[in-house]
Amino acid sequence: MAVEKALDLIAERLLRIREESGPASIFHYRSGGSLGLLKSFPDRFFEAFGPCTVKSGDICSGAGEQAQIADFGRCDSNDLFDLEASRHIVVWGKNPFVSNLHLVPILREARERGATVTLIDPVHHRGASLADEYVQPRPGRDTDLALGVCRELVDRGRASFDACENADGFRELLGRHTVAGFAARAEVDLGALRRLADRFADGPTAILVGWGMQRRRNGGAIVRTLDALSTISGNLTRPGGGCSFYFRRRGPFASLSTGAAARYVREPMFGQDVLAAKDPPIRAIWVTAGNPVAMLPDSAQVAAAFEQAEFVVVADPLMTDTASYADVVLPVPTMFEDDDLLGAFGHHWITESRRVVDPPPDVLHEVEWFQRLAERVGLGDRFAGSVDDWKRELLAPLAAHGVTLESLRERGQVRPPNVPLRTFADGIPTRSGKVELLDADAFVEPAEPDEGFPLWLFSNSTRDAQASVWSVDPGEYMTVTVHPEVAAAAGLAAGERARLESAKGSMTVVIALDAEQRRDVVIVPKGGHFRRGQSANALIEARPTDIGLGAAFLDCHVRLVGP
Ligand SMILES: Nc1nc2c(c(=O)[nH]1)N[C@H]1C(S)=C(S)[C@@H](COP(=O)(O)OP(=O)(O)OC[C@H]3O[C@@H](n4cnc5c(=O)[nH]c(N)nc54)[C@H](O)[C@@H]3O)O[C@H]1N2
Ligand SMILES: Nc1nc2c(c(=O)[nH]1)N[C@H]1C(S)=C(S)[C@@H](COP(=O)(O)OP(=O)(O)OC[C@H]3O[C@@H](n4cnc5c(=O)[nH]c(N)nc54)[C@H](O)[C@@H]3O)O[C@H]1N2
Ligand SMILES: [Mo]
């Protein structure tokens with residue numbers, strides 16, 4: 001009954017808004033959720049119903065992907081097992097125990113057979129225990145570290161520009177500082193920089209590129225300097241080398257939509273763009289598999305965008321910050337109740353997710369919600385079919401390689417046979433067939449702290465949550481971790497309350513101490529709850545990355561003061 005009523009109301013409102021203001025006045029915002037492929041079923045609906053307004057850019061991996069597409073023509077990763085051939089593995093800005101668990105056994109095995117592991121991260125975490133050497137640079141200064149290593153290799157005569165375009169533009173960047181100058185800018189010992197150069201010269205050396213550092217204003221430039229280091233040191237295409245950032249998890253599947261849109265809202269500028277939209281304004285917002293109020297920068301402005309919309313639908317298994325702004329919340333299955341296909345975040349295998357428990361009554365699969373809605377708005381026949389039928393449609397490109405729904409189900413997981421072990425085994429897919437090195441003109445300098453806000457705010461993944469999902473209630477206030485000297489300078493001790501302030505806002509927090517951290521960082525959990533005053537994004541300004549329309553979440557500067 002509730003289901004029918006909700007769908008009648010939604011159909012009536014969407015039809016009316018489309019009739020009065022056109023489909024561009026309806027904004028469908030979809031994020032990842034469980035990353036199931038059928039989460040894109042709603043895209044197909046809003047394309048057929050409109051096309052409506054959708055997001056552009058990608059606050060998760062946009063800058064890094066665009067960087068590698070610019071350099072290599074494609075963004076994908078070498079197979080994890082290619083690391084068995086590595087002499088050195090550089091884990092550049094990743095937290096294996098929290099967000100890259102699949103790497104832990106691989107890094108351990110690598111060290112057992114004598115390969116070295118280096119971790120480069122301004123934040124000290126348990127990943128350092130997996131590494132032979134831990135380097136703790138100034139935030140966002142990986143460009144200087146990478147350029148310093150490149151220059152050291154050039155000075156030693158151990159670099160080659162044969163496989164590159166734009167060698168001159170890149171050499172101009174290398175000429176801006178001496179090796180010692182680059183090390184000083186990165187706040188890394190010259191000795192540590194040279195040892196890194198030794199490893200790149202001694203390869204095969206693989207770079208595993210983390211995602212945190214590309215969520216900066218110079219995020220694209222950072223990844224491009226790493227790409228250049230891998231390339232000119234001769235490691236990019238050799239077995240055991242590579243510069244791996246993203247696994248094309250949707251790559252093997254068919255797409256359920258063409259990507260047609262009436263217009264775009266830039267994801268990192270969600271609040272601003274929705275509020276500014278005119279001719280027509282955004283009148284309705286539909287959210288699928290995301291919690292933008294908690295997870296996008298400048299949460300207050302995102303919340304204001306929802307407040308001004310006259311009709312909001314949120315499809316989510318949980319009553320999130322965003323769902324609290326909805327006129328209608330459509331309950332969908334949790335991961336344990338879901339039925340879908342999955343690509344992976346950190347390797348090339350694909351799998352099927354099957355329900356382990358049935359969802360409660362009135363909790364409908366996304367496919368079913370949209371089929372019933374489609375019937376009500378005159379699109380029924382284009383969305384008919386069982387969940388398995390739609391899975392078959394998604395798997396169609398793999399049929400030629402012998403992968404069917406039945407074989408996937410039987411085997412549990414499959415590595416699509418058309419994905420190579422090494423991404424560039426068949427050459428570099430740029431127009432020139434060479435790597436396009438970063439040009440001095442496209443280089444973006446790292447951000448500097450704002451006047452009066454000397455500390456970098458890191459909002460990193462934690463073991464307790466997937467973004468805002470399963471956030472364990474951290475108590476009344478969010479905990480911030482700082483070096484003891486940072487707390488002492490503000491007259492604060494462990495367990496005490498303090499104010500965490502940025503140019504954007506402030507919140508009450510509780511102090512935790514960690515003497516392994518730099519003296520210019522504050523670490524808080526990624527995710528959390530905006531309405532409870534526990535979301536980093538309340539403090540973070542909405543600013544795009546240099547390329548790829550990512551969000552510069554981590555170029556947020558703060559100060560800590562007494563309560
Ligand atoms: N448990 C858990 N797992 C997750 C997630 C989660 O929220 N919780 N999120 C999932 C999602 S959506 C994604 S996209 C991935 C994210 O994957 P990652 O972004 O790789 O995840 P993080 O653990 O946040 O690790 C980022 C690391 O980058 C470091 N870093 C930040 N700035 C810099 C810098 O300037 N230089 C260098 N060298 N390092 C820097 C941070 O200190 C941190 O240790 O993880 C996924 N897995
Ligand atoms: N400060 C700061 N902010 C960040 C980041 C950071 O590092 N720091 N990281 C950014 C990154 S990498 C990402 S990817 C984003 C993540 O941003 P979001 O994707 O918005 O974050 P989640 O909290 O994972 O929200 C996903 C929602 O989808 C719901 N969901 C799960 N399964 C399904 C389903 O089958 N169907 C539907 N309809 N809903 C479902 C979940 O209950 C949850 O509410 O956050 C970004 N925000
Ligand atoms: Mo993400």
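Quick note: numbers below take in every heavy atom, side chains included, and nothing from hydrogens, waters or symmetry partners. In each ligand, atom 1 is the first atom listed, and ligand 1 is the first ligand listed. We count residues from 1, following the sequence as given.
Of all atoms in ligand 2, listed by their number and element, those nearer than 4.0 Å to a heavy atom of K526 are 5 (C), 6 (C), 7 (O), 9 (N), 11 (C), 12 (S). Short contacts between ligand 1 and L554, defined as distances under 4.0 Å to a heavy atom of the residue, involve ligand atoms 31 (C), 32 (N). Near F458, with a cut-off below 4.0 Å to any heavy atom, the atoms of ligand 1 are 31 (C), 32 (N), 42 (O). The contact set between ligand 2 and V332, taken as ligand atoms under 4.0 Å from a residue heavy atom, comprises 34 (C), 36 (N), 37 (C), 38 (N), 39 (N). Near I120, the atoms of ligand 1 lying under 4.0 angstrom from a non-hydrogen atom of the residue are 38 (N). Short contacts between ligand 1 and N95, defined as distances under 4.0 Å to a heavy atom of the residue, involve ligand atoms 23 (O), 44 (O). Less than 4.0 angstrom separates some heavy atom of A467 from each of these atoms of ligand 2: 21 (O), 22 (P), 23 (O), 24 (O). In the vicinity of C60, heavy-atom distances shorter than 4.0 Å reach the ligand 2 atoms 12 (S), 14 (S). The atoms of ligand 1 that sit less than 4.0 Å from any heavy atom of H125 are 44 (O). Of all atoms in ligand 2, listed by their number and element, those nearer than 4.0 Å to a heavy atom of A315 are 37 (C), 38 (N), 39 (N). Listed by number with element, the atoms of ligand 2 under 4.0 angstrom from any heavy atom of L318 are 42 (O). Set against the non-hydrogen atoms of N537, the atoms of ligand 2 under 4.0 Å away are 1 (N), 2 (C), 3 (N). For ligand 1 and V98, the ligand atoms under 4.0 Å from any heavy atom of the residue are 1 (N), 2 (C), 3 (N). Those atoms of ligand 2 with a heavy atom of G33 less than 4.0 angstrom away are 28 (O), 30 (N), 31 (C).
Heavy-atom proximity to atom 26 (C) of ligand 1, evaluated over S31, G93, S459, is greatest for G93. When D121, D142, V123 are ranked by how near their heavy atoms come to atom 44 (O) of ligand 1, first place goes to D121. Comparing R30, M335, K39, R215 by heavy-atom distance to atom 12 (S) of ligand 2, the nearest is R215. Looking at D58, L38, D316, N291, it is D316 that brings a heavy atom closest to atom 43 (C) of ligand 2. Considering each of G219, P122, S61, P525, the one bringing a non-hydrogen atom nearest atom 39 (N) of ligand 1 is P122.
Taking the charged nitrogens against the carboxylate oxygens, R355 and D339 have no contact shorter than 4.0 Å, which rules out a salt bridge. Under the 4.0 Å criterion applied to side-chain N and carboxylate O atoms, D43 and R30 are assigned as salt-bridge partners. In this structure, R559 pairs ionically with E501, as a charged nitrogen and a carboxylate oxygen lie closer than 4.0 Å. The residues E541 and R217 are annotated as not salt-bridged, no charged nitrogen and carboxylate oxygen being separated by less than 4.0 angstrom. The pair K39-D338 counts as a salt bridge, with a side-chain nitrogen and a carboxylate oxygen less than 4.0 angstrom apart. We find that E448 and R141 are joined by a salt bridge, their nearest charged nitrogen and carboxylate oxygen being less than 4.0 Å apart.
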Subject >> Working for side-chain contact (heavy atoms from CB on, under 4.5 Å), residues V482 and L513 >> reply: CA-CA 5 Å; V482 290; L513 303 179; 4.1 Å; yes

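Counting heavy atoms from C-beta on, the side chains of R518 and F458 never come closer than 4.5 Å.
Panel note: side chain D514, backbone E516; a donor-acceptor pair is recorded below 3.5 Å. Using modelled atom types, no side-chain atom of E267 and backbone atom of K55 make a donor-acceptor pair closer than 3.5 Å.
Nearest protein neighbour of atom 47 (N) of ligand 1, counting heavy atoms only, is S99 CB, 3.5 Å. The nearest heavy-atom contact from the protein to atom 23 (O) of ligand 2 is S468 OG, 2.4 Å. Nearest non-hydrogen protein atom to atom 33 (C) of ligand 1 is M213 CB, 3.6 Å. Ranking the protein heavy atoms by distance from atom 40 (C) of ligand 2 puts P317 CD, 3.5 Å first. Regarding atom 15 (C) of ligand 2, its nearest protein heavy-atom neighbour is I59 CD1, 3.5 Å. Looking only at protein heavy atoms, the nearest one to atom 5 (C) of ligand 1 is Q466 OE1, 3.1 Å. The protein heavy-atom contact nearest to atom 32 (N) of ligand 2 is S34 N, 3.7 Å. In terms of protein heavy-atom proximity, atom 36 (N) of ligand 2 is closest to E366 OE1, 2.9 Å.
The parts of M295 lying near ligand 2 are both backbone and side chain, judged by heavy-atom distances below 4.0 Å. Of the heavy atoms in T320, only side-chain atoms (C-beta onward) come closer than 4.0 Å to ligand 2. Counting heavy atoms closer than 4.0 Å to ligand 1, residue T462 contributes backbone atoms (N, CA, C, O) but none from C-beta onward. Looking at T334 against ligand 2, nothing comes within 4.0 Å, counting heavy atoms. At a 4.0 Å heavy-atom cut-off, ligand 1 touches N100 through the side chain alone. Residue contacts with ligand 1 for A465 involve N, CA, C or O but no side-chain atom from C-beta outward (heavy atoms, distance under 4.0 Å).
Remark: R372 is not positioned above the aromatic ring of F45, lacking an NZ or CZ atom under 6.0 angstrom from the ring centre and at most 45 degrees off the axis.
Ligand 1 lies less than 4.0 angstrom from a heavy atom belonging to R216.
Atoms CG and OG, on D340 and S34 in that order, are 6.0 Å from each other to the nearest 0.5 Å.
Aromatic ring pairs are classed by plane angle as parallel below 30°, tilted from 30° to 60° and perpendicular above 60°; the pair F27 and F270 is tilted.
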